[in-house]
Amino acid sequence: MTKTSKNFRNAEHADFFDQVYAVTKLIPPGRVTSYGAIAAFLGSPQAARTVGWAMNASHLQSGFIPAHRVVNRNGLLTGRHHFRYPTLMQELLESEGVIVVDDQVRDFNKLFWDPSKELI
DNA sequence: TAGCTGACGCCCT
DNA sequence: CAGGGCGCCAGCT
């Protein structure tokens, strides 16, 4: 009410962050998606950035949020510096069978999991 | 209180 | 083809 429209912040609708976390939890192991894809699924295509911000705070959540399965639209591990240590994101992905070369997910198009298409 | 700044992505020069 | 601007939501100064 000060600036941005926080009007959807009511009991019926969960916070944008909560919705982001809910979707992120649904990403199957060994698959990846993008910040933008999650934002688009939630109806705010331009809020991709905010999804990244949510991931930044994901470790504060009670449950486990597989933030490592969210990369940028080119399959780049842009968020790796925000893990406990920089290579952890890649290690987590590789533990699920995802190959990462030069901070880039191999076969990104094949492994891409689009909530807008998978979550019907 | 107002403004800045992100783990982004699209559009415009 | 590359570089810059802007929207989006939330938190920090």
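Letters go in sequence order (proteins before strands), and every chain restarts at 1.
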From CZ of Phe41(A) over to C1' of dC8(B), roughly how many Å is that when rounded to an integer?
19 Å
Pairing residues for Arg49(A) by the salt bridge (charged side-chain N to carboxylate O under 4.0 Å, His left out) criterion, not counting sequence neighbours
none
In whole Å, measure the gap between the P atoms of dC8(B) and dC1(C) for me.
23 Å
d(CD, Gln46(A); C1', dC8(C)) in whole Å:
6 Å
When you measure from the side chain of Thr33(A) to the backbone of Trp113(A), do you find a donor-acceptor pair of N or O atoms at a distance under 3.5 Å?
yes
Separation between the P atoms of dG4(C) and dT5(B), rounded to whole Å:
16 Å
Could you give the CG-to-C1' distance, from Leu93(A) to dA7(B), as a whole number of Å?
13 Å
Would you call the rings of Tyr21(A) and Phe17(A) parallel, tilted or perpendicular, taking 30° and 60° as the class edges?
perpendicular
DNA chain C: 5'-proximal contact among Phe17(A) and Pro45(A) (nearest heavy atom):
Pro45(A)
Nucleotide of dA10(C), dA7(B), dG9(B) approaching Ala48(A) most closely (side-chain heavy atoms):
dG9(B)
Inter-nucleotide P distance (dT1(B), dC8(C)), Å rounded
23 Å
Roughly, in whole Å, what's the span from CH2 in Trp53(A) to C1' in dG7(C)?
17 Å
Give the rounded distance in Å between these two atoms: NE2 of His59(A) and C1' of dG11(C).
13 Å
When we call it a touch if two heavy atoms are under 4.0 Å apart, what does Asn72(A) touch: a base, just sugar-phosphate, or nothing?
sugar-phosphate
How would you list, by chain and number, every residue that makes a salt bridge (charged side-chain N to carboxylate O under 4.0 Å, His left out) with Asp107(A), sequence neighbours excluded?
none
Test for a donor-acceptor pair under 3.5 Å between the base of dG9(B) and the side chain of Arg49(A), counting only N and O atoms.
no
May I have the distance from Asn74(A) (atom CG) to dC10(B) (atom C1'), rounded to whole angstrom?
12 Å
Which nucleotide in the list dG9(B), dA10(C), dA7(B) gets nearest to the side chain of Thr78(A)?
dA7(B)
When rounded to the nearest Å, what value does the distance between P atoms of dA7(B) and dA2(C) take?
23 Å
Please determine if a side-chain N or O atom of Ser34(A) lies less than 4.0 Å away from the OP1 or OP2 oxygen of dG9(B).
yes
Check the distance between dC8(C)'s C1' and Arg73(A)'s CZ and give it to me in whole angstrom.
17 Å
Whole-Å distance, Gln19(A) CD to dC8(C) C1', equals 14 Å
Side chain to side chain contact (heavy atoms under 4.5 Å, CB included) test vs Met89(A) passes for just one of Val70(A), Val71(A), Asp103(A), namely Val71(A)
